[in-house]
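We count ligands from 1, going down the list as the structure has it; atoms in each ligand are counted the same way. The structure displayed is predicted, hence computed values, not measured ones.
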Amino acid sequence: MKLFIIYGAGCQGIALMRLLKKNPDSADVLCFVDSNPTKQGLIVEGLPVYPPGYLLSLDDGPPTVAVAVGGHYQEVRKLLERLGLEEDQHFYDATPRPLHYSDLEPDFAPLRDKVRRHTLVSEDRLAPLYQLSRQARKVNGDLAEIGVYRGGTALLMAEALQGSIQQLHLFDTFCGMPDSDPAIDMHRSGDFADTSVKAVSALLGEYKNVQLHPGLFPETLPEHWSYKVFSLVHVDVDIYASALACCQFFYPRLSPGGVMIFDDYGFPSCPGVRQAVDEYCGNHDLQVLYLQGGQALLQRS
Ligand SMILES: C[S@@+](CC[C@H](N)C(=O)[O-])C[C@H]1O[C@@H](n2cnc3c(N)ncnc32)[C@H](O)[C@@H]1O
């Protein structure tokens, strides 16, 4: 049986203690340790709470210290290192965390691994995009992505659409960022030029419902699209003029339940995207739904 001391006698520490005690044959908890003097000396859930110095008073050294202090882990790590303890050998961050999306949806992890080397988008943003692409199957209309670069997020969307008759329309210059506004944007003309129509066509060639629209958006919009509707639009364009053009064309064409998702809304490197979305939403009385990973959603009711 493994013995633990829990660092943190607050709600996170108590939750950890209850989790560990669920398997009494494999784990036991000796006591709590806490830096907060008002907790030291208390009995919490039947266990004493000691100050950090207690860890040095044990003859054989402390058992594994499971730290459950949420966002304060870095402070506690420094304190424990000052006491001569080593991370991973003597202590570790054991704060109970919410599940990852890949724990809930077994199809996601292999897909994430498949697209990872073709995309700039991190896992925490790929997961919402995948879920919205799956949900789009139940909403009327095609899907579109503006800002394809090497095709990673497009590949994720194409995979999520497998077997559907919905089309996935991909818009990009496929030869680098167009002109931007230096007073607003941080990206410059020619960024992301290391891609091509040929490379992206090769990556997505097996998906028969994918169509490429190379060139400068919105000039590349097909003429017969005035009455077209969309279930999901992924906007990953990084700059003001492109993001505004996406709002103006696609938002009015979303089906009920349809969504626009902006990859870069919360990124300091893409201030023009937030400015464009906020401006459009302000003018049309729309509410932005912000996701902590940096994305923002607009949903059509
Ligand atoms: C950050 S990259 C897209 C990343 C991609 N989604 C991924 O999975 O890595 C931004 C892309 O937006 C494209 N872009 C921005 N504004 C555009 C416009 N008005 N027309 C066409 N492409 C545009 C750029 O060419 C660039 O490839």
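- Looking at Gly147 next to ligand 1, an N or O pair under 3.5 Å apart turns up.
- Considering both main-chain and side-chain atoms, His118 never comes within under 3.5 Å of ligand 1 through any nitrogen or oxygen pair.
- The closest non-hydrogen atom to atom 11 (C) of ligand 1, taken over Thr220, Asp172, Asp194, Leu156, comes from Asp172.
- Taking atom 15 (C) of ligand 1 as the reference point, the nearest protein heavy-atom neighbour is Val237 O, 3.4 Å.
- From the protein, the heavy atom lying nearest to atom 7 (C) of ligand 1 is Thr119 OG1, 3.3 Å.
- Residues Val148 and Val200 have side chains in contact (heavy-atom distance under 4.5 Å, counting atoms from C-beta outward).
- Ranked by closest heavy atom to atom 17 (C) of ligand 1, the top entry among Cys175, Cys270, Pro218, Ser242 is Ser242.
- When each atom of ligand 1 is checked for a heavy atom of Gly176 under 4.0 Å away, the hits are 25 (O).
- Nearest heavy atom pair, residue Ile146 against residue Val233, reads CD1-CG1, 3.5 Å.
- Atom 20 (N) of ligand 1 has Phe217 N, 2.9 Å as its closest protein atom, hydrogens excluded (heavy atom only).
- Between Glu105 and Arg134 there is no salt bridge, since no side-chain nitrogen of the basic residue lies less than 4.0 Å from a carboxylate oxygen of the acidic one.
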(request) Show the numbers, then the answer: is there a side chain to side chain donor-acceptor pair (under 3.5 Å) between Ser35 and Tyr7? (result) CA-CA 8 Å; Ser35 342; Tyr7 198 117; 2.7 Å; yes
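- The aromatic rings of Phe192 and His187 sit tilted, their planes meeting at an angle between 30° and 60°.
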(request) Step by step, work out the side chain to side chain donor-acceptor pair (under 3.5 Å) result for Tyr207 and Gln162. (result) CA-CA 8 Å; Tyr207 304 91; Gln162 289 262 43; 4.6 Å; no
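- Interface atoms of ligand 1 facing Tyr149, defined by a heavy-atom separation under 4.0 Å, are 2 (S), 3 (C), 4 (C), 5 (C), 9 (O), 27 (O).
- Ring planes of Tyr265 and Tyr290: tilted class, angle from 30 to 60°.
- Counting atoms of ligand 1 from 1 in the listed order, those under 4.0 Å from a heavy atom of Asp238 are 1 (C).
- Note: Tyr130 and Phe108 have tilted aromatic rings, judged against thresholds of 30 and 60 degrees for the angle between ring planes.
- Every atom of ligand 1 is numbered from 1 in the order shown, and the set under 4.0 Å from a heavy atom of Asp236 is 1 (C), 2 (S), 3 (C), 4 (C), 5 (C), 6 (N), 10 (C), 11 (C), 12 (O).
- Those atoms of ligand 1 with a heavy atom of Thr173 less than 4.0 angstrom away are 21 (C), 22 (N), 25 (O).
- Not one N or O of Gly151 is nearer than 3.5 Å to an N or O of ligand 1, by distance alone.
- Shown in contact with Met177 at under 4.0 Å from a heavy atom are these atoms of ligand 1, numbered in order with element: 15 (C), 24 (C), 25 (O).
- Counting atoms of ligand 1 from 1 in the listed order, those under 4.0 Å from a heavy atom of Gly215 are 20 (N), 21 (C).
- Near Leu120, with a cut-off below 4.0 Å to any heavy atom, the atoms of ligand 1 are 1 (C), 7 (C), 9 (O).
- Using a cut-off of 4.0 Å between Lys/Arg side-chain N and Asp/Glu carboxylate O, Asp191 and Arg188 are scored as not salt-bridged.
- Aromatic ring orientation, His284 versus Tyr280: parallel (interplanar angle below 30°, classes split at 30° and 60°).
- The closest side-chain heavy-atom distance from His213 to Leu170 is not below 4.5 Å.
- Every N/O-N/O distance between His234 and ligand 1 stays at or above 3.5 Å.
- The single protein non-hydrogen atom nearest to atom 23 (C) of ligand 1 is Pro178 CD, 4.0 Å, given as residue, atom name and distance.
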